[in-house]
There are 2 protein chains.
Amino acid sequence: MSSNGTELPKAKDLWYKLSPEALSRRPSPLKTAFKYAVDPRIVSLGGGLPLPAYFPFESISATAPEPPFSTYNNAELAKDAPMISVSVDRYNHANDPGVIPLATAMQYGQSDGCKPLLAWIYEHTKLVHNPPYSNWGCLMTVGNTQGLDAALRLLCSRGDSIIAEEYTFSSAMETAHAQGVKSVPVKVDLEGILPDELDAQLKSWDGPLPKFLYTIPTGQNPTGGTLSNERRKAVYDVLSKYDIMIVEDEPYYFLQMDTYVPGISDKAPPTPPTVQEDPKKYKTFLSKLITSYLSLDVDGRVLRLDSFSKVMAPGTRLGWIVGQEPLIERLTRQNEVSIQTPAGFSQAIVYSLLSKWGQDGYLDWLIELRKEYTHRRNVCLDALNKYFIEPSSYAPKGLGEYVEWIGPTAGMFFWLKFDARKHPSFGKLSPLEIEAQIYETAIEHGVLFIPGSWFRADQEPVDVKAIPGAGDDASFFFRGTFATVPQEQLIRGVELFAETIAAEFAAK
Amino acid sequence: MSSNGTELPKAKDLWYKLSPEALSRRPSPLKTAFKYAVDPRIVSLGGGLPLPAYFPFESISATAPEPPFSTYNNAELAKDAPMISVSVDRYNHANDPGVIPLATAMQYGQSDGCKPLLAWIYEHTKLVHNPPYSNWGCLMTVGNTQGLDAALRLLCSRGDSIIAEEYTFSSAMETAHAQGVKSVPVKVDLEGILPDELDAQLKSWDGPLPKFLYTIPTGQNPTGGTLSNERRKAVYDVLSKYDIMIVEDEPYYFLQMDTYVPGISDKAPPTPPTVQEDPKKYKTFLSKLITSYLSLDVDGRVLRLDSFSKVMAPGTRLGWIVGQEPLIERLTRQNEVSIQTPAGFSQAIVYSLLSKWGQDGYLDWLIELRKEYTHRRNVCLDALNKYFIEPSSYAPKGLGEYVEWIGPTAGMFFWLKFDARKHPSFGKLSPLEIEAQIYETAIEHGVLFIPGSWFRADQEPVDVKAIPGAGDDASFFFRGTFATVPQEQLIRGVELFAETIAAEFAAK
């Protein structure tokens, strides 16, 4: 049902998009017998399930902060933060709906994920994205890296191509590369994909069209860019016109940030209001989130990759894919013969916690994280202004003529664009040779930034010797992150890199 | 080093066995920067790792039985079983080597698995299998289903073939099928592969040789067969002669059993001796284990798939592959762009438990499980004798003329072979039609057994109408398990199936 109560149409039939591998998957006949194995009227000597009594785990438990959260103090959990404990026993004799007992979670089971967790994810997805067609579904993965591997196997064969942002997550490109799938870069600016360029590129495409767009629209890795709602709609329309699928990889989606104001990081971040102080708190939070491709997806051509890796912990190895049911069914067949299902410990602990927090409590957690990441982003941008723009002992006129950036509004990354033409070695060294030299110099100087060329979507060996004459081609980039180190080190890291840049460009 | 102290030779160079997919995998350049990211002299704004302070898990803990184990009573953990608790905190300020703190376990990290767990697995593998070449290694998987998926991607391309036991784990065959890899059955008897038949089959092989043998040599699924040491050596030699790889899938390896003596299930299973009572307890246990292909593998042509699924719980989603290092390196590259690594909760909890138990404690656990599974096997075989062989109200002469089996010596399964020629519909119905009819009749009668044809290695649609004249082709099979239901239900299930068989064959 749509929000105004009318029945939504079904997704387009996109079965013809499936790869031979995906088409050939057959349900396990053993799974057809599963309905008898759980029928209490039937003694099952069918499935090879070990008795839960033989699992050497009587119970597990976890301690976690309690909502509403105002629990962080300079990126450390406050000592007096109120905590809750969740506990999962071997059996669930009390039939607590907030628990997946170990006898279930640790047993072979549903390949799309434990039912209660899946239902929770479905409810969350409806709340946040409300896809505009009726037959959508979800399936658990062990994270977005595996989610992309699965999407590639679902839609591509060796020799096919996909398109991706010009600079993108290099592991994603390597996932495609090893499957024999070529990544073709799409032109971006510091915000993200340029819809007109995309249209022109597809119009003049040589050979079979790419199978899908792989995109990280929010807090992009590596550029930190977040595509505006308008551009998302335009990109969707272009891809719909050429009948191309979209895989949106959104690990950073909830790390969207408040507006940056220079100097703001001196103040402690404001504590989010409680629901008593602002009854519309959750509605406001949800309404401010950027429009996902999934929520624009009238055709059912989007596979959305979501994950707890960045909003809980990478080691949960819990992600999920949202898409039209016929594709989710194929991915379930794929799970059956690869990962089976995410780890039971993860599903049991995370479900217990989510179930205790509730949907609102989870939003509270995300609001708290947003506050923390906003503050870290502010610290980072203030440090960039201080060490790169303001005059300093190592750069009396500042470094503004060599470098530019836009302040990220989501994610973990910032992206510095340098003008190689201003470097004293320009002409003798190519921009990428200068980039490589700065990478090494920075490490010698005690700071690690990642060279932008490592994220090139095409991932062919780069000819670092090529020396362009002028123009855009004389740019190079570095990726930094404000997520990984404590605040003091973040500031120190920016300072060290500024010193490196000053020394590198000084001889000019 | 070998056990007599001489340096072992390296494995053969089998790089030419790799698939184009495996050959094309490249290490992530980001991983090359990882050494700087963990260098305390360098401020890393490099990797996109969320701060562990933001993981909403302060600590996790698990309660488990304590070794030595004499803790089970009719497949339920005794109420007074001594228990231990393992606890894992966010940080490991005490530097306890028995703990992988959540800050590490739940972070992005080593794609081959958390180092301490991997070291434990390595030590265990050395203790149990002691591979006869020097450069072997291990890598964590999320279970053997994914391990096989990885092995197929490592060694096969679409259009290739593998060989497998004539009846085998159907999901494994489906894994191959979807990758476009054809499974060709190898003739077996009730024990397993017949080496001479294998030799003859490969000698007259038409086209490119199969890429590997997929085999479950111990407690095979579905037949329950365990190949003898002599036959294993012979099979290895045949495959070495034709230069074919071996993937041994050994989830049931430690569920090896003591000898069956009819009527023995009336007695409670004997409690294994303590180490005080038998100081050679562990040595004896290890020496009685059947020879793995890995321990015969002078060439380095074996990939061994091992797992905690059947000896701890399927939901650990923790398995591992042992093989020669160059292949393990390729599989690590594959992990990087698919599963990344098993769930941190699983690695942290299981490692804490193993580390508290110690290698000997883990062997104690396996000895206890072996005792339990031996007893369940005994109960099952006694029930088969009672309801199928002894005269009964529904079968005054017993059912011995219709059915045969061999008592399994490992695993979870038993395999009943029926003679279709004795069925009243033989001639009108094919053996497989009779099998299908019995499957349905059994369900109506309240018991689930799985038809043998569901496990055919070739997995092509079976022509159930084909009516063979006589001979072996007039056999059909059913798989049962003694692992899944409590003892009383196991006995009842066998009785119900015997009644079904009696009614089915009665009209003759």
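Chain identifiers are assigned alphabetically (A, B, ...) following the order of the sequence lines, protein sequences preceding nucleic acid strands; residue numbering begins at 1 within each chain. Hydrogens, waters and symmetry mates play no part in the numbers below; they use all other heavy atoms, side chains included.
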Interchain contact, [X] with chain B, by part (heavy-atom threshold 4.5 Å):
X: L102(A); value: neither
X: I443(A); value: both
X: A37(A); value: both
X: I339(A); value: both
X: V181(A); value: neither
X: V88(A); value: neither
X: R333(A); value: neither
X: F69(A); value: neither
X: F308(A); value: neither
X: M412(A); value: side chain
X: F414(A); value: side chain

Pick whichever of [options] has the most heavy-atom pairs under 4.5 Å with chain B.
options: A64(A), A22(A), S24(A); result: S24(A)
options: E58(A), Q334(A), M312(A), Q347(A); result: M312(A)
options: V142(A), N221(A), L23(A), L49(A); result: L49(A)

Sorted by chain and number, sequence neighbours left out, ring pair (Phe, Tyr, Trp, His ring centres under 6.0 Å) with F34(A) holds for none
Please report the C-alpha distance between T63(A) and S59(B) in whole Å, then the side-chain angles of each, then the deciding distance to 0.1 Å, and finally whether the side-chain hydrogen bond (donor to acceptor under 3.5 Å, both in side chains) criterion is met. CA-CA 5 Å; T63(A) 312; S59(B) 68; 3.2 Å; yes
[X], part contacting chain A, at a heavy-atom distance under 4.5 Å:
X: A105(B); result: backbone
X: S309(B); result: both
X: P222(B); result: neither
X: F413(B); result: side chain

Can you list the steps and then say if E336(A) with E174(B) is a side-chain contact (heavy atoms from CB on, under 4.5 Å)? CA-CA 9 Å; E336(A) 278 170 10; E174(B) 182 55 28; over 6 Å; no
Just do the side-chain hydrogen bond (donor to acceptor under 3.5 Å, both in side chains) check on T316(A) and S346(A) with the steps written out, would you? CA-CA 6 Å; T316(A) 58; S346(A) 290; 5.9 Å; no
Give me the one residue out of S85(B), S61(B), S87(B) that meets side-chain hydrogen bond (donor to acceptor under 3.5 Å, both in side chains) with S61(A). S61(B)
Only pairs at least two apart or in different chains count here, so list each salt bridge (charged side-chain N to carboxylate O under 4.0 Å, His left out) that has a residue in residues 38-55 of chain B. D39(B)-R41(B)
